[in-house]
Amino acid sequence: MIDPMIADCDFDTYTKMIADFTNTDLIPTENEMVEAGEVPARILDSMAALGLFGISIPRAYGGLELTMEQQVGLTFEFTRASCVYRSRFSTVIGLCSQAILEHGTEAQRRRLLPAMAAGELVTAFALTEEAAGSDAAHLRTTARREGDVYVLNGGKRYITNAAWADAFVVFARTDDSDPGAGGISAFVVDASTPGITTALPSMMNGHAEAPVAEIRFDDVEVPCTDLLGGSEGSGLTMALRGINHARLHVAATCVGQATRMLEETVAHVTRRQQFGGPLADLGAVQATLGASFAEMEAARALVVQSAREFDRGAIPRHRIAAAKLYSSEMASRVADRCVQLLGGEGIVGPNPVPRMWRDVRALRIYEGSSPVHERNLAKAMIRQVTIDGTLPDSFRA
Ligand SMILES: Cc1cc2nc3c(=O)[nH]c(=O)nc-3n(C[C@H](O)[C@H](O)[C@H](O)COP(=O)(O)OP(=O)(O)OC[C@H]3O[C@@H](n4cnc5c(N)ncnc54)[C@H](O)[C@@H]3O)c2cc1C
């Protein structure tokens with residue numbers, strides 16, 4: 001439950017509170033979390049009390065109703081800590097709640113969103129399948145209508161939070177005659193429904209403390225009232241609403257991660273003496289640090305600009321894709337340089353940077369992999385220039 005005094009805070013006070021929580025709780029708990037292989041329960045309770053599960057949900061449904069600019073500003077702060085913490089509430093604040101908010105019926109919004117905002121109903125977003133990753137429109141899980149229920153069959157993989165979620169937003173094919181996006185619908189499925197099984201992977205390379213899971217649906221009966229929005233055929237549009245929100249949060253996460261890695265690395269090169277002085281005195285080291293800072297700030301500016309446009313109403317999906325593409329590539333570049341500057345400590349011992357280097361690698365794969373964003377942006381540019389000579393989401397439009 002969100003601490004009632006949080007709802008009365010002004011945003012600057014709230015940001016300070018989250019920054020303090022990051023410094024006094026999240027960062028100092030990282031090693032304990034890695035050893036335990038999971039986010040400690042007391043940290044999850046604090047995240048819920050601080051309202052982190054509700055930042056994107058309107059006050060009418062129990063959330064904090066922050067603007068997107070405020071959400072990314074806050075993300076810059078709490079993702080100075082391991083991005084695994086964010087994973088635990090990311091599927092609620094971005095992917096699932098936004099699809100429900102924009103496309104759910106009023107009854108679905110009232111039933112689900114207040115519990116989600118309070119951190120009491122954890123949802124997972126079940127789109128990806130073995131045969132449908134980047135090509136999500138060709139997913140194969142089916143939902144067959146039988147009287148008052150839909151019967152779900154199929155499987156999902158790589159689903160964040162699936163192993164402990166209370167409910168899944170599941171995308172399934174309701175119309176076999178349409179093999180593409182038009183045949184897909186979305187359902188909110190209670191995770192305890194008979195016929196559902198989940199399985200954790202045998203190992204994770206990165207994000208190990210917030211592992212993804214597989215979900216199997218074997219003749220799972222879902223009441224028709226749990227068809228999201230009450231109508232079939234626009235499931236992928238609903239998914240994209242959540243995905244666009246989450247993409248911008250991921251881009252902001254990359255900036256938070258780069259900030260921490262640079263803080264740790266600057267401290268290291270200032271301490272570490274070689275050739276009669278600190279590494280920080282070497283021109284090559286300074287050049288690496290300076291270039292990294294400039295790239296991080298470019299990513300931050302792109303994220304904030306996209307967030308401001310988002311808050312004005314129309315979702316700037318191409319600029320969000322550019323922000324996600326650039327920021328995730330930036331975070332990996334910065335991570336690699338930081339590991340290099342740590343020398344052997346980048347490979348041996350407890351320094352957090354190598355763990356973050358491994359974690360940020362995944363950010364170039366989920367919420368659309370970098371090559372897919374490059375392809376989609378190029379296609380959108382070619383299409384738009386052919387129509388009217390401008391670029392998509394153009395500042396000149
Ligand atoms: C840590 C993690 C968490 C995740 N969480 C979720 C979740 O909560 N819910 C969910 O539904 N999914 C989730 N995913 C799945 C994620 O969205 C997919 O992994 C991603 O869409 C890529 O699909 P794929 O892994 O099947 O790779 P593939 O589609 O097989 O692609 C592999 C690679 O091929 C290249 N490629 C593919 N298509 C193109 C193209 N058209 N043009 C150019 N290059 C291309 C890219 O380099 C791409 O990385 C998660 C994945 C990870 C790793």
Side-chain angles (χ1 to χ4, degrees), residues 38-39 79 82-99 122-141 154-173 180 184 186-189 191 198-217 228 235-236 238-247 249-250 253-254 257 321 324-325 328-329 331-332 355-380 382:
E38 60 185 10
V39 180
T79 57
S82 166
C83 61
V84 162
Y85 293 118
R86 188 200 77 98
S87 289
R88 289 301 304 262
F89 55 92
S90 65
T91 52
V92 171
I93 58 173
L95 293 166
C96 295
S97 67
Q98 301 309 299
V122 174
T123 50
F125 183 85
L127 177 65
T128 302
E129 302 181 357
E130 187 172 346
S134 303
D135 187 12
H138 289 99
L139 61 80
R140 295 178 183 171
T141 294
K156 301 286 177 179
R157 71 171 181 177
Y158 303 155
I159 309 304
T160 301
N161 294 331
W164 39 78
D166 304 294
F168 309 125
V169 176
V170 180
F171 300 88
R173 191 162 298 286
I184 298 173
F187 298 86
V188 180
V189 180
T198 60
L200 288 167
S202 53
M203 69 178 290
M204 292 282 294
N205 296 308
H207 284 244
E209 304 79 26
V212 296
E214 286 181 22
I215 313 175
R216 275 225 55 82
F217 301 97
L228 192 58
L236 212 59
M238 298 176 181
L240 282 168
R241 175 61 186 83
I243 287 170
N244 273 309
H245 203 102
R247 269 180 192 158
H249 283 189
V250 168
T253 299
C254 295
Q257 296 282 278
K324 197 276 178 179
L325 167 64
S328 60
E329 293 291 325
S332 266
R355 171 172 44 75
M356 298 176 83
W357 169 64
R358 213 158 58 154
D359 285 344
V360 296
R361 188 62 185 84
L363 304 176
R364 291 159 64 192
I365 293 174
Y366 64 69
E367 304 306 350
S369 71
S370 293
V372 168
H373 284 304
E374 287 166 348
R375 161 190 178 262
N376 290 347
L377 287 169
K379 283 174 79 170
I382 293 162

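Just so it is clear, the values below take in all heavy atoms, side chains as well, and ignore hydrogens, waters and symmetry mates. This structure is a prediction, so every number in the text was calculated from the model and none was measured. We count ligands from 1, going down the list as the structure has it; atoms in each ligand are counted the same way.
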Please report whether atom 1 (C) of ligand 1 has a protein non-hydrogen atom at a separation of less than 4.0 Å. yes

Asp359 side, atom CG; Arg361 side, atom CZ - distance, nearest 0.5 Å: 12.5 Å

Among protein heavy atoms, which lies nearest atom 45 (C) of ligand 1, and at what distance? Val372 CG2, 4.0 Å

From the candidates Ser369, Ala378, Ala162, Gly242, the one that places a heavy atom nearest atom 46 (C) of ligand 1: Ser369

Top protein contact for atom 12 (N) of ligand 1, by heavy-atom distance: Thr128 OG1, 2.7 Å

May I ask you to identify the nearest protein heavy atom to atom 42 (N) of ligand 1, giving residue, atom name and distance to one decimal place in Å? Arg375 CD, 3.5 Å

Polar atom proximity, Ser134 to ligand 1 (N or O, under 3.5 Å): yes

What are the two closest heavy atoms between Thr198 and Ala162, and how far apart are they? CG2-O, 3.9 Å

Please list, in number order, the atoms of ligand 1 under 4.0 Å from a heavy atom of Val212. 1 (C), 2 (C), 3 (C), 4 (C)

What one should report as the nearest heavy-atom pair of Lys324 and Ser328 is O-OG, 2.8 Å

Between atom CD of Glu38 and atom CD of Glu209, what is the distance when rounded to the nearest 0.5 Å? 10.0 Å

Heavy-atom closest pair (Thr160 atom, Ser87 atom, distance to 0.1 Å) is CG2-O, 3.8 Å

Measure the spacing between OG of Ser90 and OH of Tyr366 and express it to the nearest 0.5 Å. 6.5 Å

Can an N or O of Asp135 be found at a distance shorter than 3.5 Å from an N or O of ligand 1? no

Between Glu329 and Ser370, is any side-chain donor less than 3.5 angstrom from a side-chain acceptor? yes

Take atom 32 (C) of ligand 1 and look for protein heavy atoms under 4.0 Å from it; say yes if you find one, no if not. no

Enumerated ligand 1 atoms positioned under 4.0 Å from heavy atoms of Leu127: 11 (O)

A student checking ligand 1 against Ile365 at a 4.0 Å heavy-atom cut-off should list atoms 19 (O), 20 (C)

Where do Cys83 and His207 come nearest, in terms of heavy atoms and distance? SG-NE2, 3.8 Å

Looking at ligand 1, does any of its N/O atoms fall within less than 3.5 Å of an N/O of Glu129? no

Minimum heavy-atom separation for Ala186 and Met238, please, with both atom names. CB-SD, 3.9 Å

How close do Gly133 and Thr128 get, heavy atom to heavy atom, and via which atoms? CA-CG2, 4.1 Å

Protein contact of atom 24 (P) of ligand 1 - nearest heavy atom, named by residue and atom, plus distance: Gly133 CA, 4.0 Å

Which residue from Phe168, Tyr366, Phe125 reaches closest to atom 51 (C) of ligand 1 through any of its heavy atoms? Tyr366

Gap separating the CZ atom of Arg247 from the CG atom of Leu95, nearest 0.5 angstrom: 10.0 Å

Counting heavy atoms only, name the option from Gly368, Pro371, Pro211 that's nearest to atom 43 (C) of ligand 1. Pro371

Select one of side chain, backbone, both or neither to describe which atoms of Thr160 lie under 4.0 Å from any atom of ligand 1, heavy atoms only. both

Hey, is ligand 1 close enough to Thr91 that some N/O pair sits below 3.5 Å? no

Counting only non-hydrogen atoms of the protein, does one fall under 4.0 Å from atom 17 (O) of ligand 1? yes

Nearest protein heavy atom with distance in Å, relative to atom 7 (C) of ligand 1: Tyr158 O, 3.4 Å

Roughly how far, to the nearest 0.5 Å, is CZ of Arg173 from NE2 of His138? 7.0 Å

